[in-house]
Asker: 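Let me begin by handing over the structure; questions about it come next.
Naming: A, B, ... by sequence-line order, numbering from 1 per chain.
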There are 4 protein chains.
Amino acid sequence: MSRPAETLRRVREEVNRLHAELLRWGLVAWTSGNVSARVPDADLMVIKPSGLGYADLTPDTMVVTDLHGTVVEGEHAPSSDTASHAYVYRAMPHVNGIVHTHSPYATAWAARNEAVPCAITAMADEFGGEIPLGPFALIGGDEIGRGIVATLSGHRSPAVIMRGHGVFTIGADAQAAVKAAVMCEDVARTVHLARVHGPLQPLPEHHVDALYERYQNVYGQHDDPQGARP
Amino acid sequence: MSRPAETLRRVREEVNRLHAELLRWGLVAWTSGNVSARVPDADLMVIKPSGLGYADLTPDTMVVTDLHGTVVEGEHAPSSDTASHAYVYRAMPHVNGIVHTHSPYATAWAARNEAVPCAITAMADEFGGEIPLGPFALIGGDEIGRGIVATLSGHRSPAVIMRGHGVFTIGADAQAAVKAAVMCEDVARTVHLARVHGPLQPLPEHHVDALYERYQNVYGQHDDPQGARP
Amino acid sequence: MSRPAETLRRVREEVNRLHAELLRWGLVAWTSGNVSARVPDADLMVIKPSGLGYADLTPDTMVVTDLHGTVVEGEHAPSSDTASHAYVYRAMPHVNGIVHTHSPYATAWAARNEAVPCAITAMADEFGGEIPLGPFALIGGDEIGRGIVATLSGHRSPAVIMRGHGVFTIGADAQAAVKAAVMCEDVARTVHLARVHGPLQPLPEHHVDALYERYQNVYGQHDDPQGARP
Amino acid sequence: MSRPAETLRRVREEVNRLHAELLRWGLVAWTSGNVSARVPDADLMVIKPSGLGYADLTPDTMVVTDLHGTVVEGEHAPSSDTASHAYVYRAMPHVNGIVHTHSPYATAWAARNEAVPCAITAMADEFGGEIPLGPFALIGGDEIGRGIVATLSGHRSPAVIMRGHGVFTIGADAQAAVKAAVMCEDVARTVHLARVHGPLQPLPEHHVDALYERYQNVYGQHDDPQGARP
C-alpha cells in the first residue's frame with residue numbers, strides 16, 4: 001500500500017472512531033452531528049456520510065472530498081455540511097478537524113441567540129472566555145462555514161454556537177475538535193443550571209487570562225503536540 | 001416457508017428490534033411505549049404485547065392483528081393502543097409504522113397543552129414547523145387514533161403530542177417513525193431548555209420552508225427509499 | 001434442599017436482581033435505596049444489607065429478618081430501613097414487596113413538601129391520582145413505616161413521597177414495587193418539567209377514574225397474577 | 001517485590017479503578033476531574049496524570065509524588081491540582097483520599113457562589129448540614145488546597161464547592177472521597193430541582209444532628225473501618 005493510501009485509511013479510522021465519541025458523550029441524536037478531518041499533506045478531507053445512523057458507520061462509509069466538497073472517494077453522499085467544513089479548511093490552515101452537533105444545552109443558548117458567558121474556570125481554561133454566537137445561516141452551502149470563520153478568526157474559543165442551529169468546533173486535529181464539542185456542552189449545561197437560581201457572575205478578565213494561559217501552556221503532557229492533548 | 005410467513009417473520013424481527021431503540025434513546029420507562037408496523041401486501045400489522053417489559057420482548061412475543069385490531073397470530077394480548085394504531089393504518093395508507101412514547105420533555109409540553117414551537121433548524125428539517133398538539137383522548141378504543149389522524153392529516157410533522165398524554169409518530173416505515181420519536185424528544189428538550197432563560201424566537205417561515213425542503217429532498221443517501229433514511 | 005430453603009434462595013435471588021433495576025433506571029446513587037420482599041408462607045422478609053455498594057450485592061449478601069426486623073440469616077447488618085419495612089409488612093398483609101429510593105425528581109417534590117399532582121394519563125394509569133406526601137420521620141426506627149401505612153392505607157397510589165426524604169413504594173410483589181418506583185420518578189420528572197413553563201392542569205377526576213380502572217383491569221396479560229404484570 | 005513496592009502497586013490500582021467511578025456516575029467530561037490517595041506509611045501520594053483521557057488511564061499511568069508535589073515515580077506529568085492535593089495531605093493527617101470534579105449541578109451552585117443548603121435527609125446523613133462554599137483560587141499552585149483546608153477544617157462536610165470552579169472532597173480513604181463526590185452531585189441536583197418550584201425548606205438542626213449521628217455511627221457494616229464503608 002502506498003503511503004497516501006495508508007494515510008487515508010488512518011484518517012478514515014480516526015474520523016469513524018471519533019463519531020462514536022459524539023454518541024458516548026450524549027451530543028447527538030439518531031443521525032445528527034458530524035466530524036471531519038483534514039488529510040495531512042493533501043488537499044483532502046474525510047467526513048461523515050449524510051443521514052447514516054451511528055450504528056452503521058465504519059471507516060469505509062466515510063467520504064473523502066477535496067477542499068471544495070467534491071467527492072473523491074467513497075460510496076456515499078457526504079454530509080450536508082461538507083461545503084461549510086471545506087470552507088473552514090480553506091480559510092483556516094491551522095484547523096485540521098471540525099465537529100458539528102446539536103447538543104441540547106449549547107443549542108438552547110443558540111436558540112435564544114445568546115453567547116455562553118464565562119462564569120466558571122473550566123470555560124476560561126478551554127475557551128479563554130465566552131463561547132461566541134455566530135450568525136444564522138442556511139444548511140447546504142458554505143454559508144455556515146463563512147459564519148464560523150467570521151466568528152472564530154482571532155477568537156480564543158474553538159467553539160461557536162450558530163444562531164438557531166447548534167455547535168461547530170475546530171481543532172488542531174479532529175480529536176481536539178471533539179474535545180471542544182464535549183466541553184462546550186459540559187460548560188453550556190453548568191452555566192445554564194447556574195443561571196436558573198440567580199444572575200450569572202462572569203469571572204474577572206485577569207483571572208480568565210491567567211487560567212487560559214496556564215491551561216494552554218502547562219496543562220497536559222509536555223511532549224505531546226498541542227492538538228493531541230486529550 | 002411460504003413468502004407471507006417470511007414477511008411476517010421479518011416484520012416481527014424489525015418491530016422487536018425497534019423497541020430496543022426506544023429504550024436506548026431514553027424514551028420509555030418500564031413497559032411504557034410501543035412500536036407497530038404494517039405488514040406489506042396484507043391487511044395486517046405487528047405490535048408490542050401489552051404490559052411486557054422491554055427485556056422480555058422477542059420477535060415471537062410480538063402480536064399480529066388485522067387492521068381492526070383483532071388478534072390473528074400471537075400468544076399475548078396486544079398493546080392497549082392497538083385499536084388506535086389500526087385506525088391510523090386504515091385512514092392513512094402512506095403510513096407503514098407508528099410509535100408511541102411518554103418521553104419526558106415532549107410529554108411535558110403535552111401536559112401543558114402546548115404545541116412545540118419551531119425555534120431551531122433541526123425542527124424545521126425534521127418536522128417542517130411546530131410539533132402540533134392533538135386532542136385529549138382516553139386510552140383503549142380508537143379515540144386516540146382519530147385524534148392523530150385529525151391532527152396530522154395535511155400536516156408536515158410526523159409527530160403529534162396528545163394533550164395530557166404523550167407522543168405519537170408516523171412514518172413511511174417503522175424505522176422512520178422511531179426516528180421521528182427520537183428527534184421529537186431531542187427538539188422538545190432543546191426548546192424547553194431555551195425557554196428557561198428567555199422568550200423563544202421562532203424561525204421565520206421562509207427559513208423553515210427552505211430547511212424542510214432541503215432535508216426532505218437532498219439530505220441522506222439518494223438511492224435509499226425516503227422512508228428508510230435513518 | 002428442603003422447600004423453605006429453596007423458597008428463601010429464590011427470594012434472595014429476586015431481591016438481588018431487582019436492586020440492579022434501581023441502578024439501571026437511575027434511581028439510586030452509590031449505596032442509597034433498597035428493595036425488600038416478604039418470604040411466602042413464612043413470617044420473614046429479605047432485604048438489602050446496610051451500606052454495601054450495588055456492585056458488591058449478591059444473593060448471599062441479602063439479609064433475612066423476621067417481621068420485627070431481627071436478623072434470622074445473613075452475614076451482614078440489614079438496611080437502616082429494616083424496621084420500617086417490617087412495620088409495613090405487619091400492617092399491610094397484601095403487600096409483599098417494598099422499595100425505597102432518593103430518586104431526584106420525586107425527592108425534589110418531597111423536599112418542597114408537595115404531593116405530585118396528577119397531570120398526565122400515565123399517572124392516572126399507575127397511581128390512580130396524585131402521588132401523596134407522607135410525614136417527616138427520622139430514619140432508623142419504624143417511624144417511617146408508620147408514615148407509609150398512614151398515608152397509603154385506602155389510597156390508590158402504590159408510592160408515597162416522604163417529606164424531606166424520598167420515595168417508598170409497595171406492591172403485591174417486589175417487582176411491582178420496583179415498577180412503581182420507576183414510574184414514580186418518570187412521572188415526577190415529567191410533571192416537574194411541565195410546570196417549569198406554566199401552571200399545571202390536573203386531569204379531570206372522571207378521566208383519572210376511567211384510566212385507572214382500565215389500567216388495573218384490562219392492561220397487560222390476563223393470565224398473569226396482577227402483581228406480576230411488569 | 002518488597003512491601004513498599006507492593007503497597008504502591010495496590011494504591012496505583014485503587015486510584016486507577018476509582019477514576020472509572022467518576023466516569024460511571026457522570027461526574028466528569030473528557031479529561032476533567034481527578035482522584036488521589038495517600039500512600040500508607042510513606043510521605044507519598046498517587047494522583048492522575050495531567051490531561052490524559054479516562055480511556056487511556058491504567059495503574060501505570062498514575063503518578064507518584066511526595067507530599068510537596070514533586071514527582072517520585074511515573075512517566076507522565078501529574079495533575080494540575082497536585083500541589084493542592086499535597087497541601088491538604090500535609091495539613092489534614094486524617095485525610096487519605098481527595099477527589100476533584102466539575103460535576104454539573106454542584107458546580108452550578110459554585111458558579112453562583114452559594115453553599116448547598118441542607119434540605120433533604122440524604123444531605124444530613126452524608127454531609128451533616130450544608131455543603132460549604134470555599135474561596136475563589138487560581139489553578140496550578142497550592143492556593144486551592146489552602147481554600148479547602150480553611151473551609152473544611154472543623155466542618156462535618158467532606159465536600160466543598162470552590163467559587164466559580166467545582167467540587168473537592170476528602171475522605172479517610174480514596175473510596176470515601178469518591179463516595180462524597182457522588183453524593184455531593186446527587187444532593188446538589190435534588191436541591192436544585194426542589195428550588196425550581198418553590199423556596200427551600202432547610203431541615204431543622206436537631207433533625208440534621210440526629211440523622212448525621214446515626215449515619216456516621218450505625219449505618220453500614222460495623223466490622224468495617226469507617227472510611228471503607230461504601
Asker: Please check: side-chain N/O of B/D66 versus main-chain N/O of B/G69, any donor-acceptor pairing under 3.5 Å?
Answerer: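 Confirmed, B/D66 side chain pairs with B/G69 backbone.
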Asker: Could you list which of residues 108-116 of chain C have a heavy atom closer than 4.5 Å to any heavy atom of chain B, in residue-number order?
Answerer: none
Asker: Tell me, for B/F136 versus chain C, whether the close heavy atoms (under 4.5 Å) come from the side chain, the backbone, both or neither.
Answerer: side chain
Asker: Give me the atom names and distance for the closest heavy-atom approach of B/T31 to B/G51.
Answerer: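 Looks like CG2-O, 3.5 Å.
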Asker: So which part of C/L193 gets closer than 4.5 Å to some heavy atom of chain B, the side chain, the backbone, both or neither?
Answerer: both
Asker: Between B/E14 and B/R17, is there a side-chain N and carboxylate O pair less than 4.0 Å apart?
Answerer: yes
Asker: For B/E21, what residues pass the salt bridge (Lys or Arg N to Asp or Glu O under 4.0 Å) criterion, not counting sequence neighbours?
Answerer: B/R24
Asker: If you count heavy-atom pairs under 4.5 Å with chain B, which of C/R214, C/E185, C/H197 comes out on top?
Answerer: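 With the most close heavy-atom pairs to chain B, the winner is C/H197.
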Asker: Highest number of heavy-atom pairs under 4.5 Å with chain B: which of C/A124, C/A194, C/G198?
Answerer: C/A194
Asker: What part of B/P78 lies closer than 4.5 angstrom to a heavy atom of chain C: side chain, backbone, both or neither?
Answerer: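 B/P78 has no heavy atom closer than 4.5 Å to chain C.
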Asker: Find out whether B/S80 and C/V218 are in side-chain contact, i.e. whether some heavy atom of one side chain is under 4.5 Å from a heavy atom of the other.
Answerer: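 The answer is no; the side chains never approach within 4.5 Å.
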Asker: Checking B/T61 side chain against B/L57 main chain: does a donor-acceptor pair fall under 3.5 Å?
Answerer: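 Checked: no pair found.
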Asker: Quick one about C/Y89 and C/S36 (side-chain donor to acceptor, distance below 3.5 Å, no hydrogens or angles considered), yes or no?
Answerer: yes
Asker: Any idea which heavy atoms bring B/D60 and B/R12 closest together, and the distance?
Answerer: O-NH1, 3.4 Å
Asker: Taking all non-hydrogen atoms of both residues, which atom of C/V35 and which atom of C/V15 are closest, and how far apart?
Answerer: O-CG1, 3.6 Å
Asker: To check you understand the geometry: which heavy-atom pair defines the closest contact between C/S157 and C/I131, and what is its length?
Answerer: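 Closest heavy-atom pair between C/S157 and C/I131: OG-CA, 4.2 Å.
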Asker: Determine the option with the most heavy-atom pairs under 4.5 angstrom with chain B, choosing from C/L200, C/V196, C/D125, C/V187.
Answerer: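 Sorted descending by pairs with chain B, the first entry is C/V196.
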Asker: Under the salt bridge (Lys or Arg N to Asp or Glu O under 4.0 Å) test, which residues partner B/R156, sequence neighbours left out?
Answerer: B/D209
Asker: Between C/N34 and C/S79, is there a side-chain donor-acceptor contact under 3.5 Å, judged purely by atom types and distance?
Answerer: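 Short answer, yes.
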Asker: Among residues 91-104 of chain C, which ones touch chain B with a heavy-atom distance under 4.5 Å?
Answerer: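 If one takes a 4.5 Å heavy-atom cut-off, no residue of residues 91-104 of chain C lies near chain B.
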